[in-house]
Protein chains: 2
Amino acid sequence: MGRNTRQRTAIRRAFEHAGRPLRPRECLELARGEVPDLGIATVYRNVNALVDAGWLRVVELPGTPDRYETAGRNHHHHFHCRRCDGVYEVETCPGGFAAMAPTGYRVEDHDLILYGVCRSCVG
Amino acid sequence: MGRNTRQRTAIRRAFEHAGRPLRPRECLELARGEVPDLGIATVYRNVNALVDAGWLRVVELPGTPDRYETAGRNHHHHFHCRRCDGVYEVETCPGGFAAMAPTGYRVEDHDLILYGVCRSCVG
DNA sequence: CCTTTGATGAGAACCGATTATCGTTAAAGC
DNA sequence: GCTTTAACGATAATCGGTTCTCATCAAAGG
């Protein structure tokens with residue numbers, strides 16, 4: 001998928017190092033540690049390219065713009081911190097949601113989001 | 001909360017009759033059955049007023065603009081149809097989500113969204 | 001029925017997020 | 001190194017959703 005620029009490397013590293021879903025703006029700030037004059041347009045361009053390439057996955061949460069996380073991991077959910085607005089991975093999933101829908105509905109998938117205060121904000 | 005206009009009545013009836021969360025545009029189309037030249041600005045004005053008055057509740061779902069549903073009902077979740085984009089209420093909730101978060105995280109609330117095909121789309 | 005004034009409708013303005021433009025920069029192959 | 005051209009950075013443009021503006025309309029009380 002094209003050239004290996006310093007920028008793309010820094011963007012990839014930002015996601016790998018963060019270990020949680022990032023918004024383009026968050027990714028920009030993290031990646032600027034490596035490439036100080038990185039532009040937001042480049043982040044959008046690369047994030048889209050990395051999604052197309054299957055390296056990133058879109059994380060949609062209620063009431064906020066899209067976040068992105070590295071792809072290829074197991075089924076999981078997310079915790080959304082009300083204090084810092086950060087999103088973290090939650091590895092467990094109770095499952096068994098298909099039975100919840102009214103009869104006649106075909107359940108194909110589900111999303112589960114926990115809200116509260118993350119460890120660093122609880123302090 | 002102000003005057004009882006034909007418009008506000010039609011908007012309220014749209015939510016009551018629909019029995020599911022509506023987007024402003026959906027509400028507009030339904031309420032136009034009663035007030036044909038209803039304007040979208042009036043829908044937004046009244047929806048906001050009804051939310052402030054506690055008569056409507058905001059329903060935020062991933063990847064789509066806000067929907068609204070009549071307030072004061074029990075804890076429940078939603079089913080999002082991939083075919084018609086409609087959202088329906090799901091009355092059951094397994095509960096016990098607080099234990100899912102990593103240690104140190106304080107869970108205060110949760111959202112659960114089922115995705116698939118609704119009864120009318122399954123046909 | 002008349003008056004007052006809050007509500008409405010149409011469309012302009014706004015908003016934050018994302019995408020497109022375009023001159024410049026720097027990977028990558030020779 | 002030199003050349004080619006994909007990628008970059010800055011910023012303008014766009015986008016869908018929502019709010020604002022203002023002249024007009026119609027609730028509600030007298």
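Throughout, a chain's letter reflects where its sequence line sits, starting with A, and its residues are numbered from 1. Heavy-atom basis, side chains included; hydrogens, waters and symmetry copies ignored.
Rounded to the nearest 0.5 angstrom, C93(B) SG and N74(B) CG are separated by 11.5 Å.
Proximity of T5(B) to the phosphate of dA7(C): no side-chain N or O atom is located under 4.0 Å from OP1 or OP2. Remark: N4(A) is not in phosphate contact with dA26(C), judged by side-chain N or O atoms under 4.0 Å from OP1 or OP2. Look at Q7(A) and you'll find a side-chain N or O under 4.0 angstrom from OP1 or OP2 of dG9(D). For N48(A), a side-chain nitrogen or oxygen approaches OP1 or OP2 of dT19(C) to under 4.0 Å. Phosphate proximity of dT18(D) to Y44(B): present, with a side-chain N or O under 4.0 Å from OP1 or OP2.
In this entry the distance linking CD of E34(A) with P of dC8(D) reads 13 Å, nearest Å. Rounded to an integer number of Å, the gap from CG of N46(B) to C1' of dA27(D) is 14 Å. One interatomic measurement links the two molecules: CG of D66(A) to P of dG16(D), which rounds to 15 Å at whole-angstrom precision. Atom CD in E26(A) sits roughly 18 Å away from atom P in dG16(C) (whole-Å rounding). With rounding to whole Å, I40(A) atom CD1 is found 20 Å from dT14(D) atom P. In this structure, the CG atom of D85(B) is 10 Å from the P atom of dG17(D), given to the nearest Å. For the pair D52(A) CG and dA7(D) P, the interatomic distance rounds to 13 Å; values are reported in whole Å. The distance from atom CG of L22(A) to atom P of dT18(C) is 13 Å, rounded to the nearest whole Å.
When ring centroids are compared, Y105(A) and Y88(B) come within the 6.0 Å threshold.
Within the 4.0 angstrom heavy-atom criterion, only backbone atoms of the sugar-phosphate kind lie near L38(A); the bases stay farther away. R6(B) comes within 4.0 angstrom of the backbone, heavy atoms only, and of no base.
A donor and an acceptor atom never sit less than 3.5 Å apart when one is taken from the side chain of R25(A) and the other from the base of dG16(C). In terms of polar N and O atoms assigned as donor or acceptor, the side chain of R23(B) never comes within less than 3.5 Å of the base of dG17(D) in a complementary pairing.
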_Show, in sequence, the C-alpha distance, side-chain angles and deciding distance for E69(B) and H76(B), and conclude whether the side-chain hydrogen bond (donor to acceptor under 3.5 Å, both in side chains) test is met._
CA-CA 12 Å; E69(B) 67 183 7; H76(B) 63 275; 3.0 Å; yes
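Minimum atom distance to the side chain of T42(A) is reached by dG9(D), of the listed dG9(D), dT18(D), dT19(C). Among the nucleotides dA7(C), dT11(D), dT21(D), the one closest to the side chain of A41(A) is dT11(D). When distances are taken from the side chain of R45(B) to each of dT18(C), dT18(D), dT8(C), the shortest belongs to dT8(C).
Between the side chains of H80(A) and D85(A), at least one donor N or O sits under 3.5 Å from an acceptor N or O.
Taking the nucleotide of DNA chain C with the nearest heavy atom to each of R3(B) and R32(B), the more 5' of the two is matched to R3(B).
R119(A) places a side-chain N or O within donor-acceptor distance of the main-chain N or O of T103(B), the cut-off being under 3.5 Å.
Taking the six-membered ring where tryptophan is involved, the planes of H110(A) and H75(A) are perpendicular, since the angle between them exceeds 60° and thus also 30°.
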